[in-house]
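Working notes, beginning with the structure itself.
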Amino acid sequence: MAVRLNEDKEVVRQIKEGLKAKGGYCPCRLSKAEEFKCICKEFREQIADPEFEGYCHCMLYYKSKD
């Protein structure tokens, strides 16, 4: 298993700007709930699933199975 940043540097730049503006909370979510603090609860749960492969909600991180 490997988790990496999105290879699209522009996506990474935009999401990082959004995270900074929202104090570390996912810029793709409306509320600033603890579950949306990056790395969000949803993606942490997806990372824990050995069968999951894909991007987090905001497309900042990608988890591969290898």
Side-chain angles (χ1 to χ4, degrees):
M1 174 200 71
V3 175
R4 62 171 169 74
L5 285 174
N6 189 324
E7 293 176 359
D8 186 329
K9 291 183 182 356
E10 181 61 20
V11 168
V12 171
R13 184 190 67 74
Q14 289 178 2
I15 297 300
K16 285 187 172 184
E17 282 182 10
L19 284 167
K20 186 175 178 182
K22 286 189 78 175
Y25 292 92
C26 181
C28 305
R29 310 284 186 156
L30 294 177
S31 67
K32 287 186 176 180
E34 191 60 34
E35 65 196 68
F36 301 139
K37 188 91 166 178
C38 190
I39 292 176
C40 68
K41 180 182 177 195
E42 177 184 14
F43 195 55
R44 288 192 312 265
E45 290 171 355
Q46 290 171 325
I47 290 170
D49 177 357
E51 294 303 310
F52 176 80
E53 182 168 15
Y55 287 99
C56 67
H57 180 81
C58 68
M59 304 282 292
L60 179 61
Y61 294 106
Y62 182 84
K63 182 217 171 197
S64 60
K65 289 195 245 183
D66 53 352

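Quick note: numbers below take in every heavy atom, side chains included, and nothing from hydrogens, waters or symmetry partners. FYI, the numbering just counts along the sequence from 1.
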- Return yes when atom CD of Glu7 has more than 12 non-hydrogen atoms of other residues, nucleotides or ligands closer than 6.0 Å, and no otherwise.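 Counting neighbours around CD of Glu7, 12 or fewer heavy atoms of other residues, nucleotides or ligands fall under 6.0 Å, so no.
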- Can you pull the salt bridge (charged side-chain N to carboxylate O under 4.0 Å, His left out) pairs that have at least one residue in residues 17-33, sequence neighbours excluded?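 Every pair satisfying salt bridge (charged side-chain N to carboxylate O under 4.0 Å, His left out) with a residue in residues 17-33: Arg13-Glu17, Arg29-Glu42.
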- Item | side-chain contact (heavy atoms from CB on, under 4.5 Å) involving Glu45 - partner list, sequence neighbours excluded |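 For Glu45, the residues satisfying side-chain contact (heavy atoms from CB on, under 4.5 Å) (neighbours in sequence not counted) are Lys41.
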- Using the test side-chain contact (heavy atoms from CB on, under 4.5 Å), find all partners of Cys56 that sit at least two apart in sequence or belong to another chain.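 Residues passing side-chain contact (heavy atoms from CB on, under 4.5 Å) with Cys56: Phe43, Cys58, Leu60, Tyr61.
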- Message: Please determine whether residues Ile47 and Leu19 belong to a single hydrophobic cluster, defined as Ile, Leu, Val, Met, Phe, Trp and Tyr linked transitively by side-chain heavy-atom distances below 4.5 Å.
- Response: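 Shared cluster, yes.
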- Message: Count I, L, V, M, F, W, Y as connected when their side-chain heavy atoms are under 4.5 Å apart, and connections chain through other members. Are Val3 and Phe36 then in the same cluster?
- Response: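 The answer is no; the residues belong to distinct hydrophobic clusters.
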- Query: In chain order, what residues pass the ring pair (Phe, Tyr, Trp, His ring centres under 6.0 Å) check against Phe52, with sequence neighbours excluded?
  - Reply: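 Listed in chain order: nothing, the list is empty.
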- Item | Closest contact, heavy atoms only, Asn6 versus Met59 |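 So the minimum-distance heavy-atom pair works out to ND2-O, 2.9 Å.
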- Message: If you compare all heavy atoms of Cys28 against all heavy atoms of His57, which two are closest, and at what distance to 0.1 Å?
- Response: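 Closest approach of Cys28 to His57: CB-CD2, 3.6 Å.
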- Contacts of Arg44 that satisfy side-chain hydrogen bond (donor to acceptor under 3.5 Å, both in side chains) - sequence neighbours left out: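 With sequence neighbours excluded, Arg44 shows a side-chain hydrogen bond (donor to acceptor under 3.5 Å, both in side chains) to no residue whatsoever.
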- Query: Sequence neighbours excluded, which residues qualify as side-chain hydrogen bond (donor to acceptor under 3.5 Å, both in side chains) partners of Tyr62?
  - Reply: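 Only Glu53 meet the side-chain hydrogen bond (donor to acceptor under 3.5 Å, both in side chains) criterion with Tyr62.
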- What's the spacing between Gln46 CD and Ile39 CD1 if we round to 0.5 Å?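 With rounding to 0.5 Å, CD (Gln46) is 11.5 Å from CD1 (Ile39).
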- When rounded to the nearest 0.5 angstrom, what is the spacing between CG in Leu5 and CD1 in Ile15?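 Going from CG on Leu5 over to CD1 on Ile15, the span is 11.0 Å.
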